[in-house]
Amino acid sequence: MGFLAANKIEFEECDIAANEANRKWMRENIPEESRPATGNPLPPQIFNEDKYCGNYEAFFDAREDNAVYAFLGLTAPPGSKEAEAQAKKAQQ
């Protein structure tokens, strides 16, 4: 959450421990191929509105690859490392 706030990416934290409706929604909206073989998916799980983006490990990998905006389904702001990397790829 600190990373999102520092980069001025709006987000809403949903408590699944104290809110059964949030827990149920999270479990129902994680795609079958992203669910663990046994048990329930563990938080945090990341969504952009109703679109499932991934779990914390996938978010961490996106951070390491300077691809957080793509991971979240957002357009990288001009001048960001991610936007510069995308521009380089487009030129190749």
Side-chain angles (χ1 to χ4, degrees):
M1 292 185 303
F3 178 86
L4 297 174
N7 286 281
K8 297 181 175 74
I9 299 172
E10 290 184 31
F11 66 93
E12 176 186 352
E13 180 182 7
C14 297
D15 186 349
I16 66 164
N19 187 315
E20 180 62 33
N22 285 346
R23 182 171 38 249
K24 183 179 179 197
W25 187 92
M26 180 194 80
R27 289 178 179 163
E28 289 174 352
N29 287 282
I30 295 174
E32 197 63 42
E33 65 273 6
S34 298
R35 295 173 187 265
T38 59
N40 291 311
L42 298 175
Q45 299 293 324
I46 302 164
F47 294 84
N48 182 347
E49 301 295 335
D50 292 340
K51 179 188 171 279
Y52 180 70
C53 299
N55 61 17
Y56 179 77
E57 185 176 325
F59 176 75
F60 182 84
D61 291 344
R63 278 184 59 187
E64 293 294 307
D65 296 338
N66 289 317
V68 170
Y69 290 93
F71 171 80
L72 296 172
L74 303 172
T75 301
S80 68
K81 288 181 183 179
E82 187 170 341
E84 290 172 6
Q86 289 172 348
K88 270 187 181 177
K89 273 188 180 179
Q91 290 175 353
Q92 294 177 350

Asn7 (side chain) donor-acceptor with Phe3 (main chain) under 3.5 angstrom: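 Flag set: sc Asn7 to bb Phe3 pair under 3.5 Å.
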Minimum heavy-atom separation for [X] and [Y], please, with both atom names.
{"X": "Pro41", "Y": "Arg27", "result": "CD-CG, 4.5 Å"}
{"X": "Pro77", "Y": "Tyr69", "result": "CD-CZ, 3.3 Å"}
{"X": "Ser34", "Y": "Ile30", "result": "CB-CG2, 3.9 Å"}
{"X": "Asn19", "Y": "Asn22", "result": "OD1-N, 3.0 Å"}
{"X": "Asn55", "Y": "Ile46", "result": "O-CD1, 3.9 Å"}
{"X": "Glu84", "Y": "Gly79", "result": "OE2-O, 3.3 Å"}

Please report the interatomic distance [atom1]([X]) to [atom2]([Y]), rounded to the nearest 0.5 Å.
{"X": "Asn66", "Y": "Gln86", "atom1": "CG", "atom2": "CD", "answer": "10.5 Å"}
{"X": "Glu10", "Y": "Leu72", "atom1": "CD", "atom2": "CG", "answer": "12.5 Å"}
{"X": "Arg63", "Y": "Leu4", "atom1": "CZ", "atom2": "CG", "answer": "9.0 Å"}
{"X": "Asp65", "Y": "Glu82", "atom1": "CG", "atom2": "CD", "answer": "10.0 Å"}
{"X": "Cys14", "Y": "Phe47", "atom1": "SG", "atom2": "CZ", "answer": "9.5 Å"}

Can you confirm whether [X] is buried at [atom1], in the sense that more than 12 heavy atoms of other residues, nucleotides or ligands lie under 6.0 Å from that atom?
{"X": "Lys8", "atom1": "NZ", "result": "no"}
{"X": "Glu20", "atom1": "CD", "result": "yes"}
{"X": "Glu49", "atom1": "CD", "result": "no"}

Transitive ILVMFWY side-chain link [X] to [Y], under 4.5 Å:
{"X": "Leu74", "Y": "Phe60", "result": "yes"}
{"X": "Phe71", "Y": "Met1", "result": "yes"}
{"X": "Met26", "Y": "Tyr56", "result": "no"}

Hits for side-chain hydrogen bond (donor to acceptor under 3.5 Å, both in side chains) against Gln45, two or more places apart or cross-chain, chain-then-number order -> Tyr52
*Using a strict 4.0 Å threshold on nitrogen-to-oxygen distance, state whether Arg35 and Glu32 make a salt bridge.*
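Salt bridge present between Arg35 and Glu32.
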